[in-house]
Amino acid sequence: MMNKKSALLKNTAIIGIGSLSTKVLTFFLLPLYTAVLATEDYGITDVLMTVSSLMIPFVTLEMNSGVFRFIIGRDSHDEKKAVISTAAITEICGLICCSVIVGIIYCFYQIQYIVVFLLYLVSVAFIRLTSDTIRGFGNNTVYALSNFIVTLISLLLNLLFILVLQMKGESILLAAAIGNFCGAAMIVVKGHLWKYISIKAVDQAVFHSLAQYTLPLVPNTVSWWVVSASDRLIILTFLGVSANGIYAAANKIPGIYTTIFSVYSLAWTEAIARNADDKLFISDTFRKSINVMIYMLLGIMICSSLFFKALIGSNYSDSYWHIFILLLAIFFSSASSLLGGIFAGKMESKNVAQTTLLGAVVNIILNFVLVRYIGLYAASISTLAAYFTVFVIRLKCCRKWYALVLFSKKDIVIVFLTAAIMMGYYIRSNWVSVILILMIMIVFAVNHKDEFIRITYLVKGKVKRG
């Protein structure tokens, strides 16, 4: 089991290098966009990218997720070729149909940057399919390298298009599209994916198997998109633009948690898919993952209190308690994703979709019911309730296969630590926050000393062998 846990940590590190580079790109480019581009140009581009994220699941039928799951455990070249070819041709057909529909719409309604928009849409489908294919092969190094290439090329082209060529909003879409194509091309070359693409290899039975798995993932992806959009729509309708600004600011810090966890989530999903029959590994790793996630939650929570003015600013002081609620919401969202990885490993994509849809319904209903009584808190509380609902139902379902527990006896200290962090968040004292941060570090180190010792021995062993 140690080898499996080591592989999980290794994949997390490799994927992290690739995935976090995209977040860094966004961070560095945002000041450039806001300083040089007109608000109208940036606004149009943002809308087009948001619309594309909604369209992609319908256009591709989430075939990339199907490829990742179906080629794991298959040693036969012909079987892999049938899966990849079928998925690729399906996506190409979807992209052609989408382009025709968008072209027809353009005849009646002028869509700005339509050609670049379609190019960007195709590039996103291409990079998603190739990335999940190479991950299915277990080559996370190439996956991480491709993410770095996408990031680097997009960054350089943005600087060229905006600062030198003085292009407008289309520069963002065009740079991203070219970056995606280059990253995908690298994966194709490094992974020799052309050997797995052939029209003759397309198989109707394989398509039905893929579709049976991926189609429930379409409403699952769209549901959370709708939830996010509905929060902002309800806020704008009932509370106005200012309230939406506060809510957007409140989501800034929970977004840090999401970014960090998303790296681990990819590695976790792969580990479950490859070890779905190892009940001890999954149960033990799930508990330890939840444990680490709680420490991370508490750390970010008290740090957000300590550095609130620096990170958010006094103008958005009303977002303080929304951050607290949304951090709890993101924790349950992340825990739900761990359970979603188990569903993927057991090929139970329908359960993923059903639980997500239920969470979306809870979110929207509570938003409408509460907004008149508690204002902006309706959005954050309904989000917490939605994610908590999904987590509880998924946990109950997964316990049919594995003996999943959240805590062991030695984890009881977390309860007292959590109470202390909540009190510190309420007090809002810098000295108290610093003390609590030190407490988190000490308790975490003591509770995980065995892991630290094991890692130390591994490092020493490698140094001696070197």
[Y] and [X], any side-chain heavy atoms less than 4.5 Å apart:
{"X": "Leu121", "Y": "Phe126", "value": "no"}
{"X": "Thr60", "Y": "Leu129", "value": "no"}
{"X": "Leu119", "Y": "Leu173", "value": "no"}

Go through it in stages, so that I can follow the logic: the residues are Phe181 and Ile127, the test is side chain to side chain contact (heavy atoms under 4.5 Å, CB included), and I'd like the CA-CA distance, side-chain angles, deciding distance and then a yes or no. CA-CA 7 Å; Phe181 280 127; Ile127 190 67; over 6 Å; no
Result for side chain to side chain contact (heavy atoms under 4.5 Å, CB included) between Glu91 and one of Leu61, Ile56, Asn64, Ile96 points to Asn64
Apply side-chain hydrogen bond (donor to acceptor under 3.5 Å, both in side chains) to [X] and list each qualifying residue two or more places apart in sequence or on a separate chain.
{"X": "Thr90", "result": "none"}
{"X": "Tyr106", "result": "Gln110"}
{"X": "Asn180", "result": "Ser123"}

Taking atom CH2 of Trp194 as the centre, does the number of heavy atoms from other residues, nucleotides or ligands within less than 6.0 Å exceed 12? yes
Evaluate whether atom CG of Leu438 has more than 12 neighbouring non-hydrogen atoms of other residues, nucleotides or ligands under 6.0 angstrom away. yes
Between [X] and [Y] (side chain of the first, backbone of the second, donor and acceptor by atom type, cut-off under 3.5 Å), is there such a pair?
{"X": "Thr355", "Y": "Val352", "result": "yes"}
{"X": "Tyr257", "Y": "Met293", "result": "yes"}
{"X": "Ser380", "Y": "Ile325", "result": "no"}

Closest non-hydrogen atoms of Ala82 and Val206, given as atom of the first, atom of the second and distance, are O-CG1, 4.0 Å
Can you label the angle between the Phe324 ring and the Tyr425 ring as parallel, tilted or perpendicular, going by 30° and 60°? tilted
On the 0 to 90° scale, with breaks at 30° and 60°, tag the Phe368-Phe238 ring pair as parallel, tilted or perpendicular. perpendicular
Check against side chain to side chain contact (heavy atoms under 4.5 Å, CB included), Phe391 and Phe331: CA-CA 10 Å; Phe391 169 72; Phe331 167 77; over 6 Å; no
Cation over ring face, Arg128 and Phe68, 6.0 Å, 45°: no
Side chain to side chain contact (heavy atoms under 4.5 Å, CB included) between Leu339 and Phe286, intermediate numbers included: CA-CA 9 Å; Leu339 298 169; Phe286 175 78; 3.6 Å; yes
Is a donor from one side chain sitting under 3.5 angstrom from an acceptor on the other, for Ser305 and Tyr320? yes
